[in-house]
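Here's the structure, in structure tokens; my notes come after.
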Amino acid sequence: MLDRRYVADNVDLIIANCCKRGSTADVARFAELDRLRRSMQADIDSLNQQAGVVSKSIGKAADANQREALKAEGRRLREEIGASEGRLQQIVSESDEILRAIPNLTHPDAPTGGEDASVEIRRGRTPSPQFDFKPLDHVELGARLKLFDFDAGAKVAGHGFYFLTNEGVLLELALQKYAVDLLMREQFTVMTTPDLARDTILEGTGFMPRGPETQIYSITGSDLSLVATAEITLGGAMHERIFEADELPLKLCGISHCFRTEAGAHGRATRGLYRVHQFTKVEMFAFTLPEQSADMHAYLLDLECALFDGLGIPYRVIDTASGDLGGPAYRKYDLEAWMPGRGEQGEWGEVTSTSNCTDYQARRLAIRYRTPGEKGTSFVHTLNGTAIAMSRAIIAILENYQCADGSVVVPEALVPWVGTSRLTPRG
RNA sequence: GGAUGGGUGGCAGAGCGGUUGAAUGCACCGGUCUUGAAAACCGGCAGUCGCGAAAGCGGCUCGUGGGUUCAAAUCCCACCCCAUCCGCCA
């Protein structure tokens with residue numbers, strides 16, 4: 001959420017930004033409502049003041065007659081106030097709804113436009129593999145190696161769910177340990193996190209539970225939803241927190257399951273592990289001072305690169321275009337890994353993403369910091385980044401490390417935990 | 001699921017229906033003292049919204065929402081949250 005005052009004072013700028021972002025938020029309507037709100041607030045304030053004066057005078061009334069007259073006057077004023085407040089409340093709630101839908105500002109260097117406008121800014125250290133055979137996709141590889149069971153997943157929970165089996169499990173555990181080890185070396189505080197969160201926390205983080213187009217599973221009869229990412233819980237963990245400036249930046253890393261309905265995504269790259277309703281993810285999250293967030297963002301991106309370089313997976317880095325940033329992000333970088341088994345010739349597929357949300361999440365989550373010697377508090381900046389999303393990392397590993405005989409080499413970095421350097425087909 | 005207790009300013013913690021936006025302590029800021037620091041002492045110190053160029057003025061806020069009243073942190077109702085104990089349980 002942006003600052004109400006800032007939006008009201010910069011309507012043209014905000015409209016232009018919404019346009020870049022592909023947001024349909026009715027900013028002009030917001031501005032109109034906010035003007036109305038201000039003038040009504042002024043009226044109510046003055047009525048309140050009058051009522052207060054009347055109330056105080058009752059105690060000093062000369063006689064019973066005067067007292068009754070004053071009481072009547074007070075009653076009349078309060079009724080008038082009540083009516084005005086009702087109308088004001090409607091205006092506020094309508095304008096709030098618009099305000100919440102307005103996306104964050106956009107970094108001036110972020111490319112403008114839709115998905116096609118996104119810009120590749122970097123390649124990973126590992127070149128794309130050249131096969132002298134027709135590479136298989138991860139579904140086929142996994143079937144031969146018995147790494148997952150989609151039939152059982154569908155039987156138990158429906159399409160989009162799966163069981164990991166055998167070394168598939170070891171791969172996932174290895175990836176988690178690999179990511180966590182690196183992040184602990186980088187002084188992140190590692191934690192496992194709740195897989196459910198209150199709707200207020202989801203909303204504070206910029207997710208919309210229970211809408212018609214929601215990506216979120218909700219628990220009926222409660223205000224809880226399954227989290228779509230640990231970003232929600234890690235950000236929510238500091239709800240209403242006031243940091244001392246010297247406590248920042250704070251770097252957290254959370255392991256959670258992620259649940260997504262993927263509403264409206266049917267038919268699009270739904271094969272195998274690519275788009276599933278549940279996966280496990282190691283997520284990075286940072287709280288910073290405003291002046292630290294740009295550097296932190298670059299740092300999170302570097303860590304994502306280091307993780308995938310360390311796995312020997314080819315990837316490219318995308319500077320996400322304005323129309324694809326979603327609500328909270330001010331700027332976003334995606335890592336897209338090369339997936340040789342996708343499509344006809346192989347395709348890039350998103351494996352991680354890191355966003356600088358500036359103060360957009362912090363405002364709704366009420367996460368602030370205090371600077372010694374300065375009055376008041378300011379909102380922190382929040383950033384998030386995928387360390388490793390298990391399902392997609394597994395796709396990238398299987399497809400890039402496959403051999404002509406259907407075996408798959410285990411990335412050097414994972415061998416200690418997988419316990420073998422090669423996965424071979426089982427009879 | 002059952003029982004009890006509790007939600008007040010950055011924290012801790014008082015609070016009689018009107019003079020309490022809120023005692024007190026801690027923390028914090030400024031000052032005196034000191035070579036410096038500590039201690040002691042003096043002073044200041046909630047947030048937010050509106051009007052205003054500013055100084056300032058005014059409103060609202062004591063978990064949330066309703067109610068009683070001229071007037072509610074204080075009385076009534078509902079709900080939410082937190083803690084502890086009991087039951088169940090990995």
Side-chain angles (χ1 to χ4, degrees), chain A residues 1-9 30-96 98-100 192-204 209-210 218-225 233 236-248 250 257 287 289 359 362-380:
Chain A
M1 185 172 65
L2 292 175
D3 179 60
R4 158 182 292 278
R5 190 63 173 262
Y6 182 82
V7 173
D9 291 346
F30 171 84
E32 181 191 328
L33 288 168
D34 197 61
R35 268 195 301 277
L36 198 55
R37 178 190 129 258
R38 289 192 204 193
S39 84
M40 287 192 69
Q41 186 68 59
D43 293 346
I44 289 172
D45 284 359
S46 119
L47 285 171
N48 256 320
Q49 189 189 0
Q50 290 175 48
V53 170
V54 170
S55 272
K56 286 203 173 71
S57 70
I58 287 172
K60 303 179 199 117
D63 56 61
N65 269 347
Q66 195 191 1
R67 198 187 320 277
E68 286 312 312
L70 286 168
K71 280 191 185 183
E73 173 69 0
R75 239 189 315 262
R76 190 188 65 72
L77 284 167
R78 297 287 174 187
E79 273 168 24
E80 197 176 335
I81 291 165
S84 293
E85 276 182 339
R87 270 177 284 136
L88 179 64
Q89 216 167 52
Q90 282 190 330
I91 287 162
V92 168
S93 80
E94 190 188 337
S95 65
D96 266 1
I98 299 172
L99 182 63
R100 280 198 301 271
T192 62
T193 58
D195 285 340
L196 277 74
R198 293 184 208 289
D199 290 341
T200 53
I201 300 293
L202 285 266
E203 284 158 12
R210 300 176 202 263
S218 297
I219 307 296
T220 305
S222 82
D223 65 343
L224 291 169
S225 295
T233 40
M238 298 299 155
H239 180 53
E240 294 191 325
R241 171 74 181 262
I242 299 175
F243 289 102
E244 299 301 329
D246 63 12
E247 293 178 279
L248 300 173
L250 177 66
H257 294 117
F287 304 87
L289 300 174
D359 60 2
R363 186 169 290 108
R364 284 195 72 185
L365 288 171
I367 306 175
R368 294 168 291 170
Y369 69 93
R370 191 179 10 238
T371 310
E374 282 179 26
K375 204 170 147 54
T377 57
S378 312
F379 292 110
V380 303

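Proteins come first, then strands; the chains are lettered A, B, ... in the order of their sequence lines, and each starts at number 1.
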At under 4.0 Å, does any side-chain N or O of [X] touch on OP1 or OP2 of [N]?
X	N	result
A:N48	B:rC60	yes
A:R37	B:rG50	yes
A:R198	B:rC81	yes

Please give, in whole Å, the distance from [N] [atom2] to [X] [atom1]?
X	N	atom1	atom2	value
A:E79	B:rU69	CD	P	11 Å
A:E244	B:rG10	CD	C1'	8 Å
A:F243	B:rA27	CZ	C1'	19 Å
A:D43	B:rC49	CG	P	19 Å
A:L47	B:rG50	CG	P	18 Å
A:E240	B:rG7	CD	C1'	13 Å
A:E247	B:rA27	CD	P	18 Å
A:I81	B:rG58	CD1	P	16 Å

Handout entry: Sub-4.5 Å side-chain heavy-atom contact between A:I367 and A:F243
Key = yes
Exercise for the section: Compare all side-chain heavy atoms of A:T200 with those of A:H239 and state whether any distance is below 4.5 angstrom. Expected result: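 They are not in contact (no side-chain heavy atoms under 4.5 Å apart), so the answer is no.
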Practice task
Can you measure from CG (A:D43) to CD (A:E80) and round to the nearest 0.5 angstrom?
Solution key: 9.0 Å
Problem - Rounded distance (nearest 0.5 Å) linking atom CG of A:D45 with atom OG of A:S84 - result: 11.0 Å
Problem - Closest-nucleotide ordering on RNA chain B, the 5'-leading residue of A:D223 and A:D34 - result: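 This one resolves to A:D34.
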Practice task
Hey, which sits more toward the 5' end of RNA chain B by its nearest nucleotide, A:Q49 or A:R78?
Solution key: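 The residue mapped nearer the 5' terminus is A:Q49.
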Problem - Carboxylate-amine/guanidinium proximity below 4.0 Å for A:R76 and A:E79 - result: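 The answer is no: the pair does not qualify as a salt bridge.
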Practice task
In plain terms, say whether A:R4 and A:D96 are close enough for a salt bridge, that is, a side-chain N and a carboxylate O under 4.0 Å apart.
Solution key: yes
Problem - Polar side-chain atom of A:R370 near backbone of A:I242 as donor-acceptor pair, under 3.5 Å - result: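 Looks like no, no N/O pair under 3.5 Å.
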Problem - Side-chain (A:R363) to main-chain (A:M1) donor-acceptor, under 3.5 angstrom - result: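 Side chain of A:R363 to backbone of A:M1: a pair is present.
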Please report the distance separating the [atom1] of [N] from the corresponding atom of [M], rounded so that it comes out in whole Å.
N	M	atom1	answer
B:rC60	B:rG21	C1'	11 Å
B:rG1	B:rC77	C1'	25 Å
B:rG47	B:rC33	P	31 Å
B:rA14	B:rA53	C1'	42 Å
B:rA23	B:rC62	P	16 Å
B:rA73	B:rG63	P	10 Å
B:rG67	B:rC29	P	45 Å
B:rA40	B:rG25	P	12 Å

Practice task
Hunt down any stem RNA chain B takes part in, defined as 3 or more consecutive Watson-Crick or G-U pairs whose two distances are each under 3.5 Å.
Solution key: B:1-7 with B:80-86, B:10-12 with B:24-26, B:28-32 with B:40-44, B:46-51 with B:56-61, B:63-67 with B:75-79
Exercise for the section: Using a cut-off of 6.0 Å, state whether more than 12 heavy atoms not belonging to A:E244 lie near its atom CD. Expected result: yes
Problem - Shortest side-chain distance from A:R38, nucleotide among B:rA71, B:rG59, B:rC51 - result: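 Among B:rA71, B:rG59, B:rC51, the one nearest the side chain of A:R38 is B:rC51.
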Handout entry: Selected nucleotide, minimal atom distance to A:I242 side chain, candidates B:rC49, B:rG10, B:rC70
Key = B:rG10
Exercise for the section: Classify the nucleic acid contact of A:R5 as base, sugar-phosphate or nothing, counting any heavy atom under 4.0 Å across all strands shown. Expected result: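 Sugar-phosphate, backbone atoms only, no base.
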